[in-house]
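Shown next, in structure tokens, is the structure this report addresses.
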Amino acid sequence: KLSVIFCDGGSKDGALEELQRLVQGQERVKILRSRKPGEPARLNEGLEAAAFPLVLVTGAGAELPPDALLEMVSALETLPRAGVVGAWVEPETVWDEERKNCRDQNALLAMESAEGVAPAMSGAAFLFRKEIIKELPVDATAEYFIPLAAQLGGWKTYYLTSPQVN
């Protein structure tokens with residue numbers, strides 16, 4: 001089962017209107033307009049509306065491969081005590097130096113994942129068990145706070161080498 005919740009933070013670039021047009025008539029899709037500014041507010045509103053036990057956090061500009069969600073769910077179900085899994089990020093539209101930085105960060109997070117202790121996730125795409133947090137603190141960053149909360153709760157955190165997100 002799947003439901004999709006988009007949490008708009010007050011975009012003014014026409015993205016909300018385009019999204020509304022694209023999902024019109026889709027019963028499993030819900031669009032929320034955040035009542036408060038910032039990522040924590042959007043995530044908290046999405047968590048409150050989410051009916052299923054797994055939550056995918058992804059950036060508006062991220063391009064996930066077609067099977068990305070299936071790969072991430074499979075990893076969450078098969079890796080020991082997995083509470084959070086993140087996707088490898090390979091941005092296509094960045095400078096060479098930024099691309100190198102992303103590759104270095106990916107490699108470091110992948111090494112830490114061997115023990116299930118990846119300290120952070122990419123904001124581009126990560127999947128977590130909803131039971132890990134009830135609410136993101138207003139001054140927290142999801143890609144750091146959620147893995148930390150998972151580890152403190154006895155869960156493991158993994159950064160996957162596949163799927164690769166653009």
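The basis for the numbers below is simple: all heavy atoms, side chains too, and nothing from hydrogens, waters or symmetry mates.
Of the possible donor and acceptor atoms, none in the side chain of R33 sits under 3.5 Å from a partner among the backbone N and O of C7. Put simply, the side chain of T78 gets close to the backbone of S74: a donor and an acceptor are under 3.5 Å apart. Counting only distance, with no hydrogens or angles, the side chain of R81 and the backbone of G116 share no donor-acceptor pair below 3.5 Å. N44 places a side-chain N or O within donor-acceptor distance of the main-chain N or O of P40, the cut-off being under 3.5 Å. A donor-acceptor contact shorter than 3.5 Å is absent between the side chain of S113 and the backbone of Y158. Side-chain atoms of T141 never come within 3.5 Å of backbone atoms of E143 as a donor-acceptor pair (strictly under, hydrogens ignored). For T157 (side chain) and A118 (main-chain N/O), a donor-acceptor pair under 3.5 Å exists by modelled atom type. Within the 3.5 Å criterion, the main-chain N or O of A124 finds a donor-acceptor partner in the side chain of T58.
Side chains of I132 and W155 form a contact here, defined as non-hydrogen atoms less than 4.5 Å apart. Contact check for M111 versus L108: side-chain heavy atoms found under the 4.5 Å cut-off. Between L109 and P119 the shortest side-chain heavy-atom distance falls below 4.5 Å. Taking the side chain as every heavy atom from C-beta outward, V4 and K30 never approach each other to under 4.5 Å. Two residues are said to be in side-chain contact when any heavy atoms from C-beta on lie closer than 4.5 Å; P137 and F145 meet this criterion. A heavy-atom distance below 4.5 Å is found between the side chains of M121 and Y159. With a 4.5 Å cut-off on side-chain heavy atoms, L79 and L160 count as touching. Between L32 and D8 the shortest side-chain heavy-atom distance does not fall below 4.5 Å.
More than 12 heavy atoms of other residues, nucleotides or ligands shown are found within 6.0 angstrom of CD on E17. Within 6.0 Å of the CD atom in E48, the count of heavy atoms belonging to other residues, nucleotides or ligands does not exceed 12. The environment of K130 atom NZ is dense: over 12 non-hydrogen atoms of other residues, nucleotides or ligands sit within 6.0 angstrom.
Criterion: ILVMFWY side-chain heavy atoms under 4.5 Å apart, direct or through other members. Under it, L19 and L2 are part of a common hydrophobic cluster. Taken together through direct or relayed side-chain contacts under 4.5 Å among Ile, Leu, Val, Met, Phe, Trp and Tyr, L76 and F52 form parts of separate hydrophobic clusters. Residues V23 and L16 share a single hydrophobic cluster, defined by chaining ILVMFWY side chains whose heavy atoms lie under 4.5 Å apart.
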(request) Take L43 and I146 through the side-chain contact (heavy atoms from CB on, under 4.5 Å) test and state the conclusion after the steps. (result) CA-CA 11 Å; L43 182 58; I146 295 171; 3.9 Å; yes
(request) Just do the side-chain contact (heavy atoms from CB on, under 4.5 Å) check on V73 and E77 with the steps written out, would you? (result) CA-CA 6 Å; V73 169; E77 291 176 345; 3.7 Å; yes
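Looking at E18 and R21, a side-chain N of the basic residue comes within less than 4.0 Å of a carboxylate O on the acidic one, giving a salt bridge. By the 4.0 Å N-to-carboxylate-O rule, K100 lies too far from D96 to be salt-bridged with it.
Taken from SG in C102 to CG in D104, the straight-line distance is 9.5 Å, to the nearest 0.5 Å. Atoms CD and CG, on E71 and L64 in that order, are 10.0 Å from each other to the nearest 0.5 Å. Rounded to the nearest 0.5 angstrom, K156 NZ and Q151 CD are separated by 8.5 Å. Distance check, rounded to the nearest 0.5 Å: OG1 of T161 to CH2 of W88 gives 6.5 Å. The structure places OG of S34 at 4.0 Å from CD of E45, a figure rounded to the nearest 0.5 Å.
For I133 against L136, the heavy-atom pair with the smallest separation is CD1-N, 4.2 Å.
A side-chain contact (heavy atoms from CB on, under 4.5 Å) with V85 is found for one member of L56, L127, L54 and no other, namely L127.
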